[in-house]
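Data block below; observations after.
Per chain, numbering begins at 1; letters A, B, ... match sequence-line order.
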Amino acid sequence: MTEKVVRTRFAPSPTGPLHIGGVRTALFSWLLARHHGGKFILRIEDTDQKRFVEGSIELITDALSWLGIDYDEGPDKDGGYGPYVQSQRLPLYQKWAQWLIDNDKAYRCFCTSERLEQVNKEKEARKEPPGYDRFCRNLSPAEIEENLATGKPYVIRLKVPLTGQTIGHDLIRGEVVFDNDTLQDAVLLKSDGYPTYHLANVVDDHFMEISHVTRANEWIPSFPLHLILWDAFGWEKPIYAHLPVLLNPNGKGKMSKRFEAFNEDGKKILVLAKEYKDAGYLPEAMLNFMINIGWNFGDEREIFTVQEAIERFDIATVNPANSAFPIEKLDWINGVYIREKLSVEELAKRLRPVFEKAGLKVDDERLLKVVPHVQTRIKTLNEAVDVAGFFFHDTFTPPTEDMLIPKKMDKAGTRQLLEEAYKRYADVPADSFLTETLKTIGLALVSDLSLNNSQVFGVLRVAMSGQSVSTPTFETMEILGKDEALKRIKIAIDILS
RNA sequence: GGUCCCAUCGUCUAGCGGUCUAGGACAUCACCCUUUCAAGGUGAGGACACGGGUUCGAGUCCCGUUGGGAUCACCA
């Protein structure tokens, strides 16, 4: 058997930003192509003019490129099978629709949408399943001629076999059987001359020589229609793999950009690829995370590179079951990447724009000093703003009195502690104002004042940062420098005076 | 409702007839470490939806029930 070149495609509609379910579908198709050293193609399915949203294509390609899901052929990358935008291929669909009519595989339907509605209403009243009654399927040549002559608009419908079964083979779930009498004479070509998905995807997959059709399992119900079409054309079918869909983290309903969903803790569930980017997730963590849903590495490793995943990926071993989006695991993986996979310099590079976006002015030298201390403390890039943003404020925002006074201490005691601290830290030469020294003094303060570590360190932390959660106390003091540190202790004393 | 898909800890998963008193990860809890908060270490609790078959033997195969999901457009 000669190994055919593997060509897979991701075929989104330009109806807005790419959402996470789309990313997952694209990812698995891409993994499949890359595993086999094949081609991954981006095709834009814009056959519904009404739903077209300006700028969508860019939003989609931006999301893919953020994640490193690169395509070999696409609207802006010709590979000899273009154009890759369906609205630019209209004559092709029209030609093959006509071919189907000529070969008795399809027919013109002149029914108005009003009549269609009426038919469905009547069917509903009779408690029958809705669907087209095939009124135009057996129009006489004379009737057709007459309709055509009077310029009646029409659509082209597939002539579905009335009996028998259509059997599909799916790489992930095996055989899928459909009784033909439950199928519809689906519209192939709309009255505006545009194809529907059914026609367009089959024609394009054929002419683009797609070897594996990977798409979400919401397409399974129309799978038999496509199979019938392939047979009608007499073309060799590609291999199909219907991927499971992502369900909301609570397991209720699929993730969708059309309905907002919320987590147990009331946090909005992010659905757009861009929302994840903006929330401070790393693309490599995101990829690692998504590959782990519905597929697993094979041994018990949870963390691996994309390259390693490509080597092992096998679409046939994808779990056929839908899965809830395990959002907490994303946070964990993102944290792992931040603290274990990124160097200080690399993390600094990624944090810089995050701080800037928060309106802070970033000093590179200081950033490099701060980063090691936030590294183990954040799960998303954005959290760095809360933990260490104060390092980059133009003006210091002092803490309130309440924040300053720890549990089991009173105002006077806290003030006394700060005054004593001020005295001792003032004695440290500026060039020795280093973490270890500062800590030794802090410890001495603890025993001399009969306090405990968390009281002393806590008060100093709040005094330094103006917040109760921050980078570690003495590191923070060192980075701030002697002048600034003393100034802030003074401010704290004033607050308690 | 019709059709189709799916079903292992709360969640993501391993398991492809005996090695399963069901393994890993996240989350949770406890303890250790500790400078708050993290990180790290150790440990604990926690699942084969149910009922029938098939088989010497079933989480693993078959059927049914239940539950969840998808889909029923001149949208993809």
What residue pairs, at least two apart or across chains, pass salt bridge (Lys or Arg N to Asp or Glu O under 4.0 Å) with a residue in residues 107-119 of chain A? A:Arg115-A:Asp133
Considering only atom C1', compute the distance from B:rG51 to B:rU66 and round it to an integer number of Å. 10 Å
ring-ring contact (aromatic ring centres under 6.0 Å, His included) partners for A:Phe52, two or more places apart: none
With 3.5 Å as the limit, what N/O pairs link the protein to nucleotides 5-8 of chain B?
unit_1, atom_1, unit_2, atom_2, d
B:rC5, O2', A:Arg173, NH1, 2.8

Would you say that more than 12 heavy atoms from the other residues, nucleotides or ligands in this model lie under 6.0 Å from the CD of A:Gln118, or not? yes
Say we look at B:rG41 and B:rU55: how far apart would their C1' atoms be, to the nearest angstrom? 47 Å
Do any side-chain atoms of residues 436-444 of chain A form donor-acceptor pairs under 3.5 angstrom with protein atoms, and if so which ones, sequence neighbours left out?
unit_1, atom_1, unit_2, atom_2, d
A:Thr440, OG1, A:Glu436, O, 2.8

Residue pairs, two or more places apart or on separate chains, that pass salt bridge (Lys or Arg N to Asp or Glu O under 4.0 Å) and touch residues 312-327 of chain A: A:Asp299-A:Arg312
Tell me the partner of B:rA30, counting only Watson-Crick (N1-N3 plus N6-O4 or O6-N4) or G-U wobble (N1-O2 and O6-N3) with both under 3.5 Å; none if nothing fits. B:rU42
Pairs in or reaching into residues 108-128 of chain A: which pass ring-ring contact (aromatic ring centres under 6.0 Å, His included), with residues at least two apart or in two chains? A:Phe110-A:Tyr154
Which one of A:Leu243, A:Leu246, A:Leu247 satisfies the side-chain contact (heavy atoms from CB on, under 4.5 Å) criterion with A:Asn322? A:Leu247
Which whole number of Å gives the distance between the P atom of B:rU42 and that of B:rA25? 10 Å
Among residues 286-297 of chain A, which ones have heavy-atom contacts with RNA chain B below 4.0 Å? A:Asn292, A:Ile293, A:Gly294, A:Asn296
Once ring-ring contact (aromatic ring centres under 6.0 Å, His included) is applied, do any residues pair with A:Tyr107, and if so which ones, sequence neighbours excluded? none
Could you tell me the separation between the CG atom of A:Leu188 and the P atom of B:rA76, rounded to a whole number of Å? 11 Å
Distance in angstrom units between A:Arg301 CZ and B:rG24 P, rounded: 18 Å
Partner residues of A:Phe313 under the ring-ring contact (aromatic ring centres under 6.0 Å, His included) criterion, sequence neighbours left out: A:Phe28, A:Trp295
Which value, in whole Å, describes the distance between the P atoms of nucleotides B:rG46 and B:rG10? 11 Å
Closest to the 5' end of RNA chain B, once A:Leu330 and A:Asp192 are matched to their nearest nucleotides, is A:Leu330
Contacts satisfying salt bridge (Lys or Arg N to Asp or Glu O under 4.0 Å) that involve residues 456-479 of chain A (not counting sequence neighbours) are none
Suppose we screen for ring-ring contact (aromatic ring centres under 6.0 Å, His included). Which residues come up paired with A:His198, at least two apart in sequence or across chains? A:His226
Do nucleotides 33-40 of chain B as a string where each nucleotide becomes B, S or -: B if the base has a protein heavy atom under 4.0 Å, S if just the sugar-phosphate does, - if no protein is that close. --BBBBSS
Taking only the side-chain nitrogens and oxygens of A:Lys190, find out if one of them lies under 4.0 Å from OP1 or OP2 of B:rC75. yes
Determine the Euclidean distance between corresponding C1' atoms of B:rG43 and B:rC33; express it in Å to zero decimal places. 15 Å
Using the C1' atom in both, what is the distance from B:rU60 to B:rG1, to the nearest Å? 34 Å
